[in-house]
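Here's the structure we're looking at; comments come further down.
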Amino acid sequence: MNNVVLRFAKGDFSRKVKIATKDEIGQLGHSVNYMAKELESIEQMRRDFVANVSHDLRSPLTSIKGFLVAFIDGTIPEQKKSRYLSIMKSETERLIKLVNDLLDITKLESAELTINPTSYNISEQLRLVIAKMEPELSKFEIEVELDEEEDYFVFADSDRIEQVFINLLQNAIHFSTRQQVIYIKMKKVENMLSVSIKDEGKGINEENLKKIWDRFYKVDQSRTNNLGTGIGLSIVKQIIDLHQTEIEVTSELGKGTTFTFKLQLSGE
Ligand SMILES: Nc1ncnc2c1ncn2[C@@H]1O[C@H](COP(=O)(O)OP(=O)(O)O)[C@@H](O)[C@H]1O
Ligand SMILES: [Mg+2]
């Protein structure tokens, strides 16, 4: 057992502890093997993470550099310049989004991160977020319909909740098609506020629905037509966890998706 454990310590999980007895030593052997399996999967996730991030950073940089070289060499015809510049702009935006997501996730993972809840008007916040996203909404001709009986006040970390709204709304826009509507509903359920964001977009099948919270998971893995990083929902989940509440998702392929989360209501 000793030799195998020393190999585990060096990151070699190819061998398992042999279990010969049913006593306490045998039990320990089982536990050690279990620990090794868990460590191996964490190690694999770490490797995938680095590989994914490196790829996601390299591909836009390579494309931006290619365009820059062509601009410097003067090989780009005048009428194509503005199109290439706008590709460079969107590639840069993609890099910024990735780096921001990574910074968020690192912050959220460090044990020091605590949320800073205050009592605030979440209805007001939501109207502002929607206003900020207006350029994106009108670009895709998507409308947002807000349904609430009154202004609600919650006890939560407003910066973090803004991030939850932005991530969920960006997904709703991204996975909808032109002229569809996003419905947002806020209502009291017992002593909590329930917020649901519903789109009429492409939906997610049952199997993928379980995986969407995983870091880097995207249903459509192809990198060409999906500018996402697969990080957004894992950030949402962590923020909701920090608020010690829950987020649920229901979806039907081709019909749309609804995310619902609850927050602590507060007095004004
Ligand atoms: N509203 C939605 N409609 C359909 N699919 C969605 C929706 N929100 C998330 N998904 C799926 O979950 C995946 C993970 O979402 P997310 O973590 O935000 O990553 P990203 O948006 O960067 O791809 C998306 O790639 C998509 O496949
Ligand atoms: Mg997203």
Side-chain angles (χ1 to χ4, degrees), residues 45 48-60 90-109 126 129-130 132-133 135-137 139-146 160-185 195-242 246-261:
M45 267 168 63
D48 291 349
F49 183 90
V50 174
N52 275 320
V53 170
S54 312
H55 182 285
D56 285 349
L57 287 172
R58 194 181 57 189
S59 55
S90 72
E91 291 289 77
T92 311
E93 281 163 357
R94 185 167 143 194
L95 282 172
I96 293 171
K97 179 175 185 297
L98 177 64
V99 172
N100 281 339
D101 282 357
L102 286 171
L103 287 174
D104 282 339
I105 213 149
T106 322
K107 255 191 265 164
L108 286 167
E109 273 183 349
L126 183 54
V129 169
I130 296 169
K132 275 196 231 169
M133 296 183 81
E136 223 168 320
L137 289 164
K139 182 171 160 200
F140 296 101
E141 297 172 51
I142 288 172
E143 244 180 83
V144 175
E145 243 186 68
L146 187 53
R160 297 288 164 200
I161 297 302
E162 174 162 342
Q163 219 175 341
V164 167
F165 277 133
I166 291 173
N167 287 0
L168 292 178
L169 278 168
Q170 269 173 350
N171 282 346
I173 296 170
H174 191 142
F175 299 102
S176 292
T177 43
R178 244 160 230 286
Q179 298 190 338
Q180 287 183 327
V181 182
I182 297 170
Y183 299 90
I184 307 181
K185 193 177 171 98
V195 182
S196 68
I197 300 180
K198 172 174 182 280
D199 65 62
E200 307 174 310
K202 65 192 282 187
I204 309 166
N205 73 26
E206 215 174 307
E207 196 185 323
N208 287 317
L209 211 50
K210 290 179 224 143
K211 304 185 198 148
I212 56 169
W213 306 106
D214 294 352
R215 193 177 311 163
F216 284 117
Y217 189 78
K218 301 189 281 190
V219 174
D220 177 4
Q221 298 287 338
S222 76
R223 292 180 185 271
T224 42
N225 55 14
N226 183 353
L227 295 186
T229 57
I231 297 178
L233 284 180
S234 70
I235 292 173
V236 166
K237 180 82 173 72
Q238 291 197 47
I239 293 173
I240 297 297
D241 283 351
L242 279 168
E246 273 159 30
I247 180 158
E248 284 167 5
V249 56
T250 55
S251 189
E252 204 179 328
L253 216 54
K255 290 259 171 72
T257 307
T258 307
F259 287 90
T260 308
F261 61 93

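Because the structure is a prediction, the values reported are computed rather than measured. In listed order, ligands and their atoms are each counted from 1. Numbers here are sequence positions counted from 1. All values below come from the heavy atoms of this structure, side chains included, with hydrogens, waters and symmetry mates left out.
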* Ion pair present between K211 and E207, side-chain N to carboxylate O less than 4.0 angstrom? -> yes

* Going by the order shown, which atoms of ligand 1 are within less than 4.0 Å of some heavy atom of V219? -> 25 (O), 27 (O)

* To do: State whether the shortest distance between N or O atoms of D199 and N or O atoms of ligand 1 falls below 3.5 angstrom.
  => yes

* Test of proximity, F259 against ligand 1: N or O pairs below 3.5 Å -> no

* To do: May I ask you to check whether over 12 heavy atoms, not counting those of E248, lie within 6.0 Å of atom CD?
  => no

* Would you mind running through ligand 1 and noting each atom that sits below 4.0 Å from a heavy atom of Y217? => 13 (C), 14 (C)

* Asked: Any ion pair linking E136 and K139 (charged N to carboxylate O, less than 4.0 Å)?
  -> no

* **Residue part near ligand 1, for L233, under 4.0 Å between non-hydrogen atoms** => both

* To do: Any atoms of ligand 1 less than 4.0 Å from a non-hydrogen atom of I231? List them with their elements.
  => 17 (O), 19 (O)

* Examine ligand 1 and decide if any of its atoms is less than 4.0 Å from a heavy atom belonging to T257. => yes

* **Heavy-atom nearest neighbour of atom 8 (N) of ligand 1 within options D101, N171, I197** => N171

* Does N171 bring an N, O or S atom to under 2.8 Å of the Mg ion (ligand 2)? -> yes

* Asked: Just by distance, with hydrogens left out, do T257 and S251 show a side-chain donor and acceptor under 3.5 Å apart?
  -> yes

* Rounded distance [0.5 Å steps], CG in N167 versus CG in D101 -> 6.5 Å

* Asked: Hey, is CZ on R178 packed in by over 12 heavy atoms from elsewhere, all under 6.0 Å?
  -> yes

* Heavy atom of G201 under 4.0 Å from ligand 1? -> no

* Asked: Which bit of I204 gets closer than 4.0 Å to ligand 1, counting heavy atoms only: side chain, backbone, both or neither?
  -> side chain

* Short list, please: which atoms of ligand 1 are under 4.0 Å from a heavy atom of K218? -> 23 (O), 25 (O)

* Asked: Hey, what do you get for NZ (K237) to OG (S234), rounding to the nearest 0.5 Å?
  -> 10.5 Å

* Asked: What's the spacing between F140 CZ and T177 OG1 if we round to 0.5 Å?
  -> 11.5 Å

